[in-house]
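In what follows, a single structure is set out as structure tokens and then discussed.
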Amino acid sequence: MIATDIQRSGTVLISVTGTLDEDAGPALRRALNDVTADERELMVDLHGAVSMDSAGLLHLLAMHRRAENLGLRVLVVGWQPQPQQLMADVAGIRGRGSATGERYAVAGFRRLIKERAQRARDLSDFEARWLSGVYPNGAGGDVTPRVPTPQGRHLSTPRSRGR
């Protein structure tokens with residue numbers, strides 16, 4: 001669940017509770033819909049975010065970029081252990097307790113984790129959906145593999161000889 005509270009002091013406060021995942025995307029996008037010229041800052045409070053996956057990380061990064069495009073200064077606070085460790089893993093930083101929460105404030109670090117999280121998400125989509133279309137009936141037997149093209153059409157590939 002994502003709670004949004006716009007304070008009168010010019011700060012948009014977004015408090016995240018529960019899991020920051022694919023389902024959080026629409027709520028994070030809506031959170032910035034009513035931003036006015038009076039707001040100067042966005043504070044994202046992750047004290048209640050017990051877990052985050054790569055999709056949630058990508059949504060957080062997209063919201064951050066959108067807020068900056070609206071002219072807001074962004075501050076993310078309250079990094080919990082699992083979301084912080086996910087960022088460290090995505091960024092390739094070894095060791096527990098790495099200061100990824102502090103590094104998140106650096107634009108170059110956000111770019112790095114965005115690229116790597118997107119790569120992990122694409123690989124997950126590839127394994128979950130693309131490979132399931134290779135053998136349409138689920139059997140590997142004498143079926144000609146079909147390879148999806150970027151336009152969504154399928155090309156038949158030659159069967160291997162000697163079957």
Side-chain angles (χ1 to χ4, degrees), residues 1-6 11-35 39-135 145-155 157:
M1 168 187 267
I2 313 257
T4 309
D5 177 33
I6 298 178
T11 299
V12 178
L13 173 63
I14 299 174
S15 299
V16 179
T17 56
T19 301
L20 190 53
D21 58 9
E22 184 64 42
D23 295 337
L28 290 176
R29 283 189 295 277
R30 282 192 309 270
L32 296 178
N33 284 348
D34 297 326
V35 170
E39 278 88 42
R40 300 279 182 239
E41 295 181 329
L42 168 65
M43 180 179 289
V44 181
D45 181 0
L46 296 178
H47 281 98
V50 294
S51 66
M52 176 172 67
D53 63 14
S54 60
L57 177 57
L58 288 169
H59 286 307
L60 182 64
L61 292 165
M63 183 186 62
H64 190 124
R65 185 177 53 252
R66 183 172 171 219
E68 287 180 333
N69 288 339
L70 290 170
L72 299 174
R73 188 177 137 243
V74 181
L75 179 63
V76 182
V77 298
W79 287 99
Q80 296 304 300
Q82 189 279 333
Q84 193 160 319
Q85 187 61 49
L86 173 79
M87 272 200 310
D89 293 344
V90 167
I93 300 171
R94 303 254 186 242
R96 297 184 58 111
S98 60
T100 55
E102 290 80 14
R103 291 178 183 169
Y104 181 86
V106 178
F109 182 69
R110 288 193 308 275
R111 265 192 311 277
L112 169 74
I113 58 176
K114 177 182 180 248
E115 290 168 5
R116 292 188 177 179
Q118 186 64 52
R119 208 172 313 139
R121 186 176 185 191
D122 291 346
L123 181 60
S124 173
D125 287 347
F126 172 81
E127 291 171 348
R129 294 186 194 106
W130 190 80
L131 287 179
S132 62
V134 173
Y135 293 108
R146 297 181 324 140
V147 179
T149 64
Q151 294 80 24
R153 296 185 294 256
H154 288 81
L155 302 175
T157 59

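Here the structure is a predicted model, which is why all the values come from computation and not from measurement.
Here the shortest heavy-atom pairing between P83 and A49 reads CG-O, 3.7 Å. Residues K114 and L58 come closest through the heavy atom pair O-CD2, 3.7 Å. In terms of heavy atoms, L42 sits closest to A67 at CD2-CB, 3.6 Å. Between D34 and E39, the closest heavy-atom pair is O-OE1, 4.3 Å.
Every residue two or more places apart in sequence or in another chain that forms a side-chain contact (heavy atoms from CB on, under 4.5 Å) with D53 is listed here: D21, A55.
From S51, atom OG reaches atom CD of Q85 across 14.0 Å, with rounding to the nearest 0.5 Å. Atom-to-atom distance recorded for L13:CG and D45:CG is 6.0 Å, nearest 0.5 angstrom. Note that the CZ atom of R110 and the CG atom of L61 stand 8.0 Å from one another [nearest 0.5 Å]. Atom CE of residue M87 and atom OG of residue S54 lie 13.5 Å apart, to the nearest 0.5 angstrom. Within the model, atoms CD of Q80 and CG of L86 stand 14.0 Å from one another, a figure rounded to the nearest 0.5 Å. Here L57 contributes atom CG and D89 contributes atom CG; the two are 11.0 Å apart, rounded to the nearest 0.5 Å.
The side chain to side chain contact (heavy atoms under 4.5 Å, CB included) test with H64 singles out one residue from N69, V74, L72, and that residue is V74.
Checked by atom type and distance alone, the side chain of Q82 pairs as donor or acceptor with a backbone atom of M52 at under 3.5 Å.
Side-chain contact between V44 and L28 is absent, with no heavy-atom pair separated by less than 4.5 Å. Contact of the L60 side chain with the V16 side chain is not registered, since no non-hydrogen atoms from C-beta on lie closer than 4.5 Å.
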- Task: Might you work through the side-chain contact (heavy atoms from CB on, under 4.5 Å) test for M43 and V77, ending with a clear yes or no?
- Result: CA-CA 7 Å; M43 180 179 289; V77 298; 4.2 Å; yes
- Chi angles and distances behind the side-chain contact (heavy atoms from CB on, under 4.5 Å) call for R29, M63: CA-CA 7 Å; R29 283 189 295 277; M63 183 186 62; over 6 Å; no
